[in-house]
K.L.:
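Here it is, the structure in full.
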Amino acid sequence: LPEDRNLPITGKADTNTLDTNTGTSVLTGNVVINQGKLQILADQVTIITDPETNDLTYMKAIGKPAQFTDIPELDADEVEVTGDTVEYYPQQNLIVTLGNSQITQSGNEARGEKIEYDTLSGQMVIYSARALSGDNSQGQAELLLQPGTVD
Amino acid sequence: MEFLRKYLIVAVITIVGAAFIWLNSNRGPAVESALELPEEIPDVYMTDMDLTRYSATGVPTLKVLASSVATYNDSGKSILTAPVVTLLKDQENDWKITARNAVVYDNEDIEFFTDVVVTQLNTTPASIVKSEYMKVTEQGNLVTTDKPVEITQGKQIINAVGMNVNLDTISPIIHLENEVTFFYDPI
């Protein structure tokens, strides 16, 4: 939910490394990250903080696939996004999924190479491999809408 | 004549008594009671120790403060109370370790027990590691524990079981071995 962005971020993992000078933390093995309704599941998550402000500025999840779920707004259905990598920019309220990206909500699906998700508005932008590379031989984005989804 | 003699005796007694009282009032504070030694009597016992160790090239590598040190030649151990050990790494990467007690071994390994706090100096935000036990080996370069640890770094708090860090690098990496939980509060 949009108001979740001010909540603490918690996580669990098998192991972790922390660079004592840069503050970069790498959680590895069965990684679960939570912030309110937002949840990220991955094999490895890298967390970068700003040494000046100590703010968490970037989080990158890698998995087979990496996955995040969120509820875009009150009473909305849960959105699930999977991909090779999930990058979270808390200060821009942005989650970018790259590589074999797929969204699922209420049975509707969309696939593409890259998905940008605005965690405040719940809006999503899907980029196909063709759009990103300009190579017409690359795949296009695909959309699967359940009957009755569109009024 | 008789009166004069008595008078002299009384005068002498008075003077001696006054001197005795004066001496007693000016004596320094009562000698401190004997030091309270550990049960096992050490070969060497020191209080308020302040020790700095230097490398062969004269560079300070380790500074140790302790409220008491008991050294046992047979076992080669020294037991420190309230130790404050600073691992000096050219003032770029110094680390300070405090605890309730510590044991220093012949091979310079150090074990810390109870309320162990490892603080990174010279860096902001500093990494602070807390545990109930920590071991320092390899001449102060490797810090390890198999016990639960809590690490605070800026707004991050990380808990785990088991930790090791090699301090002999420009940017030491703390490895947390099991059951990691991570907490970050943006506010």
Side-chain angles (χ1 to χ4, degrees), chain A residues 1-36 38-61 88-95 119-120, chain B residues 87 89-97 118-131 141-146 148-187:
Chain A
L1 295 173
E3 57 270 24
D4 289 353
R5 300 295 77 85
N6 292 320
L7 294 178
I9 296 174
T10 63
K12 286 190 299 187
D14 295 340
T15 64
N16 171 265
T17 60
L18 172 68
D19 184 317
T20 55
N21 282 356
T22 64
T24 299
S25 192
V26 179
L27 297 155
T28 304
N30 302 303
V31 184
V32 179
I33 301 281
N34 289 296
Q35 185 182 39
L38 170 70
Q39 181 173 73
I40 297 175
L41 304 176
D43 298 333
Q44 184 179 78
V45 171
T46 301
I47 296 167
I48 293 177
T49 55
D50 180 328
E52 302 295 326
T53 63
N54 298 327
D55 290 338
L56 194 155
T57 54
Y58 174 72
M59 193 187 288
K60 177 175 183 176
Y88 179 24
Y89 301 85
Q91 295 169 329
Q92 286 102 354
N93 301 300
L94 174 66
I95 295 181
T119 60
L120 278 190
Chain B
L87 308 174
K89 308 285 175 190
D90 307 331
Q91 297 202 335
E92 292 213 352
N93 221 340
D94 298 348
W95 291 74
K96 184 176 75 173
I97 306 177
V118 184
T119 307
Q120 181 183 24
L121 307 178
N122 324 108
T123 299
T124 305
S127 295
I128 299 171
V129 184
K130 292 181 181 171
S131 182
N141 286 323
L142 185 61
V143 182
T144 61
T145 185
D146 56 0
V149 290
E150 178 179 274
I151 298 175
T152 306
Q153 213 258 6
K155 295 178 181 175
Q156 295 183 74
I157 301 174
I158 305 170
N159 289 84
V161 176
M163 178 207 90
N164 67 79
V165 55
N166 178 1
L167 300 182
D168 201 21
T169 62
I170 291 173
S171 194
I173 305 286
I174 295 178
H175 296 266
L176 298 172
E177 294 158 357
N178 297 289
E179 301 172 43
V180 174
T181 59
F182 166 88
F183 180 85
Y184 162 82
D185 194 346
I187 294 163

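Keep in mind that the numbers below use all heavy atoms, side chains included, and drop hydrogens, waters and symmetry copies. Every chain is numbered from 1, with letters handed out A, B, ... down the list of sequences.
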K.L.:
Is there a side-chain contact between B:Phe182 and A:Leu18, using heavy atoms and a 4.5 Å cut-off?
P.N.:
no

K.L.:
Counting heavy-atom pairs under 4.5 Å to chain A, which of B:Glu179, B:His175, B:Gln120 comes out on top?
P.N.:
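Top option by heavy-atom pairs under 4.5 Å: B:Gln120.
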
K.L.:
Pick one of side chain, backbone, both or neither for A:Thr53, based on which atoms fall under 4.5 Å of a heavy atom in chain B.
P.N.:
backbone

K.L.:
Is chain B contacted by the side chain of A:Asp55, its backbone, both, or neither, given a heavy-atom distance below 4.5 Å?
P.N.:
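The answer is both parts of A:Asp55.
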
K.L.:
Give the minimum heavy-atom separation between A:Pro8 and B:Pro186, together with the two atoms involved.
P.N.:
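Nearest pair, atom of A:Pro8 first, then B:Pro186: CA-CD, 3.7 Å.
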
K.L.:
Any idea which of A:Thr17, A:Thr10, A:Ile9 has the most non-hydrogen atom pairs under 4.5 angstrom with chain B?
P.N.:
A:Ile9

K.L.:
Nearest 0.5 Å, please: how far is CG in A:Asp19 from CD1 in B:Ile173?
P.N.:
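It comes to 3.5 Å.
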
K.L.:
From B:Ile151 CD1 over to A:Thr20 OG1, what is the distance, rounded to the nearest 0.5 angstrom?
P.N.:
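Going from CD1 on B:Ile151 over to OG1 on A:Thr20, the span is 9.5 Å.
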
K.L.:
Compare every heavy atom of A:Asn16 with every heavy atom of B:Ile158, then report the nearest pair and how far apart it is.
P.N.:
CD1-OD1, 3.9 Å

K.L.:
So, for B:Pro125 and A:Pro51, which heavy atoms are closest and what is the spacing to 0.1 Å?
P.N.:
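Closest heavy-atom pair between B:Pro125 and A:Pro51: CD-O, 3.4 Å.
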
K.L.:
Atom CE of A:Met59 and atom OH of B:Tyr184: how far apart are they, to the nearest 0.5 Å?
P.N.:
9.0 Å

K.L.:
Which heavy atom in A:Gly23 sits nearest to a heavy atom in B:Gln156, and how many Å separate them?
P.N.:
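That closest heavy-atom pairing would be O-NE2, 3.0 Å.
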
K.L.:
From B:Ile174 CD1 over to A:Ser25 OG, what is the distance, rounded to the nearest 0.5 angstrom?
P.N.:
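If we round to the nearest 0.5 Å, B:Ile174:CD1 and A:Ser25:OG are 9.5 Å apart.
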
K.L.:
Taking all atoms of both residues into account, what is the closest heavy-atom pair of A:Thr49 and B:Gln153, and its distance?
P.N.:
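Residues A:Thr49 and B:Gln153, closest heavy atoms: OG1-OE1, 4.5 Å.
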
K.L.:
Is chain B contacted by the side chain of A:Leu7, its backbone, both, or neither, given a heavy-atom distance below 4.5 Å?
P.N.:
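The backbone, not the side chain.
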
K.L.:
Within the side chain of B:Thr123, is there an N or O that forms a donor-acceptor pair under 3.5 Å with the backbone of A:Asn21?
P.N.:
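No.
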
K.L.:
Nearest 0.5 Å please: distance from the CG atom of A:Leu27 over to the CG atom of B:Leu176.
P.N.:
9.0 Å

K.L.:
Treating B:Glu177 as the side-chain partner and A:Thr15 as the backbone partner, does any N or O pair qualify as donor plus acceptor under 3.5 Å?
P.N.:
no

